[in-house]
A.B. asks: 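Handing you this structure, nothing more for now.
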Amino acid sequence: MNEHKPEESLKIENIVASAKVTESLDLPSLASQLKDAEYNKKRFPGVVLRMQDPKIAALIFGSGKVVLTGAKSIDSLSRGLEILGDQLRALGIDIPENLTYKIQNIVTSADLGTPINLNKIAVGFNLDKIEYEPEQFPGLVYRLDDPKVVVLLFGSGKLIITGGKVPEDARRAVQRILSELSNLGLI
Amino acid sequence: RLRKWQRRIRVSNATERNLAFALSELDRMASALGLPRNVRETAAVVYRDAVDKNLIRGRSIEGVAAAALYAACRQCSVPRTLDEIAEVSRVSRKEIGRTYRFISRELGLKLLPTSPIDYVPRFCSGLNLKGEVQSRAVEILRQAGERELTSGRGPTGVAAAAIYISSILGGERRTQREVAEVAGVTEVTIRNRYKELAEKLDVEIIL
DNA sequence: AAGTTACTTTCAAAAGC
DNA sequence: GCTTTAAAAAGTAACTT
């Protein structure tokens, strides 16, 4: 399917973003009024709100700050924040109309289309940027400086790129890995 | 000044006391695991190097000692899994692994991933298998490595499967359960690895 | 033996211990 | 460092059927 075009196999699997929706929130009342809200101050200081539409989980804090996770696209992330704003406004809370957010992390999957030998990569790549402990985890952990992301490489040729701030980071990471692998004759 | 001397003596005492404790810990764990003296000495060197580079800061002596022992086993080609080290330590497997990564990087140990081959002697002796069966298992693993059948798989599981196969080929069959026991993996894992090795290495086995 | 569930690794933010 | 969220990769583990 994507065997010959790794770049076309790029798929955003999860986006984590933060935002500030207001100055302060009364979490106990929020938790009791919102249907899918969960709140255990002993367990975690924020309210956990699960949305179904764009399947997103929101962590709401007393400071008015929020964390959104689970979005599979920037568009659904935006919609999720809008929906959250509407739900809070429906409770009589003053929430600005144009909420802004900051993407903190994007998790992307990709496929090189060819199996790779992790042992050889572990020897050929810069040792201090790699961690490969098959006893612990089947993936090889490769930390890139530019783009500043962490890539998990699997023997199947599939990858997970995480730590990026923009979708482009994943594409550049795959591009860089492909050239490094070909330079070492490992692909 | 006298103060300065007292301080030096105090620091020196604490340092020596900590080192003595660490060394006794290394010895206790090594004994519990039945590790030879060269491994204990290697671990002691790793630990001392870690102390000299102030890598103990913010870490427990026991954690660093356990990580040093784990590293020493690998350096000496007689690997123990993190779980095995954790069993004789008071520190969790997670903490040992984290500390190992840290000292490994800071001391530039440059350890390659553990090879399944290094587990063969220990597992085979645990199963009372002769050198011939052992050699055959090593050969199977060598081929498995070349054919990329070890990427991402647990070294102990692959080694166990190879030994299972060689024990049958050598006419000294050990059951999957027996091999699983000494290797510390499940029978399911041995079965999965064994099937893969058998079909991709055309090592036909008649049961 | 097959299935299912779950845990390992990576990442980032939030408030507080 | 921990707690909580989400998600993928592939291997291994632990239960149930």
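Letters A, B, ... mirror the listed sequences (proteins, then strands); counts begin at 1.
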A.B. asks: Give the rounded distance in Å between these two atoms: CG of A:Leu81 and C1' of D:dA6.
C.D. replies: 17 Å

A.B. asks: Between C:dT9, C:dA14, D:dA7, which nucleotide has the shortest distance from any of its atoms to the side chain of A:Asn14?
C.D. replies: D:dA7

A.B. asks: Starting at atom CG of A:Asn40, determine the distance to atom P of D:dC2, rounded to an integer number of angstrom.
C.D. replies: 21 Å

A.B. asks: Ignoring backbone atoms, establish whether B:Thr186 has a side-chain N or O less than 4.0 Å from OP1 or OP2 of D:dA13.
C.D. replies: yes

A.B. asks: Any side-chain N or O of B:Arg191 less than 4.0 Å from the OP1 or OP2 oxygen of C:dA1?
C.D. replies: yes

A.B. asks: Would you check if B:Val179 and B:Glu187 make a side-chain contact, meaning some heavy-atom pair closer than 4.5 Å?
C.D. replies: no

A.B. asks: In whole angstrom, give the distance that lies between atom CG of A:Leu153 and atom P of D:dG11.
C.D. replies: 14 Å

A.B. asks: How close or far is atom P of D:dT4 from atom CG of A:Asp36, stated in whole angstroms?
C.D. replies: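 The distance from CG of A:Asp36 to P of D:dT4 comes to 20 Å, rounded to the nearest Å.
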
A.B. asks: Tell me which nucleotide among C:dT9, C:dT10, D:dT3 gets nearest to the side chain of B:Arg93.
C.D. replies: C:dT9

A.B. asks: Just checking B:Val185: base, sugar-phosphate only, or nothing, at a heavy-atom cut-off of under 4.0 Å?
C.D. replies: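 Contact class for B:Val185: sugar-phosphate only.
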
A.B. asks: Categorize A:Gly46 for me: base, sugar-phosphate, or nothing, with a 4.0 angstrom heavy-atom threshold over every strand shown.
C.D. replies: nothing

A.B. asks: Side chain of A:Val107 only, please: which of D:dA8, D:dA6, C:dA13 is the nearest?
C.D. replies: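 The nucleotide sitting nearest to the side chain is D:dA8.
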
A.B. asks: Heavy atom of residues 59-77 of chain A under 4.0 Å from DNA chain D: which residues?
C.D. replies: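 Going residue by residue through residues 59-77 of chain A, the ones with a heavy atom under 4.0 Å of DNA chain D turn out to be A:Leu59, A:Thr69, A:Gly70, A:Lys72.
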
A.B. asks: Nearest whole Å is fine: how far is C:dC11 P from A:Leu159 CG?
C.D. replies: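 Taking CG of A:Leu159 and P of C:dC11, I get 16 Å after rounding.
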
A.B. asks: Any sub-3.5 Å donor-acceptor pair from A:Lys165's side-chain atoms to A:Gln104's backbone N or O?
C.D. replies: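 Checking the backbone N and O of A:Gln104 against the side chain of A:Lys165, a donor-acceptor pair under 3.5 Å is found.
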
A.B. asks: Apply side-chain contact (heavy atoms from CB on, under 4.5 Å) to the pair B:Leu129 and B:Ile163, showing each step before the final yes or no.
C.D. replies: CA-CA 9 Å; B:Leu129 287 169; B:Ile163 291 171; 3.6 Å; yes

A.B. asks: Side chain of A:Glu13, heavy atoms from C-beta onward: which of C:dA12, D:dA7, D:dT3 has the nearest atom to it?
C.D. replies: D:dA7

A.B. asks: Base, sugar-phosphate, or nothing: which does A:Lys11 touch, judged by heavy atoms less than 4.0 Å apart?
C.D. replies: nothing

A.B. asks: Starting from C1' on D:dA9, measure out to CD1 on A:Ile106 and report it in whole angstrom.
C.D. replies: 18 Å

A.B. asks: What nucleotide, of D:dT5, C:dA12, C:dT10, holds the atom closest to the side chain of A:Lys165?
C.D. replies: C:dA12

A.B. asks: Return whichever of A:Val48 or B:Lys94 has its heavy-atom-nearest nucleotide of DNA chain D closer to the 5' end.
C.D. replies: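 The residue whose closest nucleotide sits nearer the 5' end is B:Lys94.
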
A.B. asks: When you measure from the centre of the six-membered ring of B:Tyr164, is the NZ or CZ of B:Arg174 under 6.0 Å away and within 45° of the axis?
C.D. replies: no

A.B. asks: When you get a sec, tell me which of C:dC11, D:dA6, C:dA15 is the closest nucleotide to the side chain of A:Val16?
C.D. replies: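 The closest nucleotide is D:dA6.
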
A.B. asks: Quick one: label B:Thr189 by what it contacts on the DNA or RNA (base, sugar-phosphate, nothing), any heavy atom closer than 4.0 Å.
C.D. replies: sugar-phosphate

A.B. asks: Going by heavy atoms closer than 4.0 Å, what residues in residues 125-141 of chain A are next to DNA chain C?
C.D. replies: A:Gln136, A:Phe137

A.B. asks: Looking at B:Thr114, is its backbone amide N or carbonyl O close enough to the side chain of A:Glu135 to form a donor-acceptor pair, meaning the two atoms are under 3.5 Å apart?
C.D. replies: no

A.B. asks: If the threshold is 4.0 Å, N to carboxylate O, is there a salt bridge linking B:Glu84 and B:Arg122?
C.D. replies: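 Result for this pair is yes, salt bridge flagged.
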
A.B. asks: Can we say B:Glu146 and B:Arg142 salt-bridge, meaning some charged N sits less than 4.0 Å from an Asp/Glu carboxylate O?
C.D. replies: yes

A.B. asks: Please state how far atom CD in B:Glu148 lies from atom C1' in D:dA10, giving the value in whole angstrom units.
C.D. replies: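 Answer to the nearest Å: 16 Å.
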
A.B. asks: Would you check if the side chain of B:Arg136 reaches a backbone N or O of B:Ile165 as a donor-acceptor pair within less than 3.5 Å?
C.D. replies: no

A.B. asks: Could you please name the option among D:dA6, D:dA8, C:dA12 that lies closest to any side-chain atom of A:Arg50?
C.D. replies: D:dA6

A.B. asks: With nearest nucleotide decided by heavy atoms, which residue, B:Gly184 or A:Leu152, maps closer to the 5′ end of DNA chain D?
C.D. replies: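 Going by which nucleotide is closer to the 5' end, it is A:Leu152.
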
A.B. asks: For B:Arg40, is there an ion pair with B:Asp27 - N to carboxylate O distance below 4.0 angstrom?
C.D. replies: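 B:Arg40 and B:Asp27: salt-bridged.
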
A.B. asks: Taking only side-chain N and O atoms of B:Arg193, does any of them lie within less than 4.0 angstrom of OP1 or OP2 on D:dT12?
C.D. replies: yes

A.B. asks: Please report the distance, rounded to the nearest Å, between CG in A:Leu144 and P in C:dT10.
C.D. replies: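 Spelled out: CG on A:Leu144 to P on C:dT10 is 15 Å.
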
A.B. asks: Give a yes or no on whether the backbone of A:Val149 and the side-chain of A:Tyr142 come within a donor-acceptor separation of less than 3.5 Å.
C.D. replies: no

A.B. asks: Without swapping roles, check the side chain of A:Asp111 against the backbone of A:Gly113 for a donor-acceptor pair under 3.5 Å.
C.D. replies: yes

A.B. asks: Establish, with yes or no, whether the OP1 or OP2 oxygen of C:dG16 is under 4.0 angstrom from a side-chain nitrogen or oxygen of A:Lys42.
C.D. replies: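 It does not, given that no N or O in the side chain of A:Lys42 lies less than 4.0 Å from OP1 or OP2 of C:dG16.
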
A.B. asks: Could you check which of D:dA10, C:dT10, C:dA13 has an atom nearest any side-chain atom of A:Ser156?
C.D. replies: D:dA10

A.B. asks: For D:dC2 and A:Arg43 - does any side-chain N or O of the residue sit under 4.0 Å from the phosphate oxygens OP1/OP2?
C.D. replies: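 For D:dC2, neither OP1 nor OP2 has a side-chain N or O of A:Arg43 closer than 4.0 Å.
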
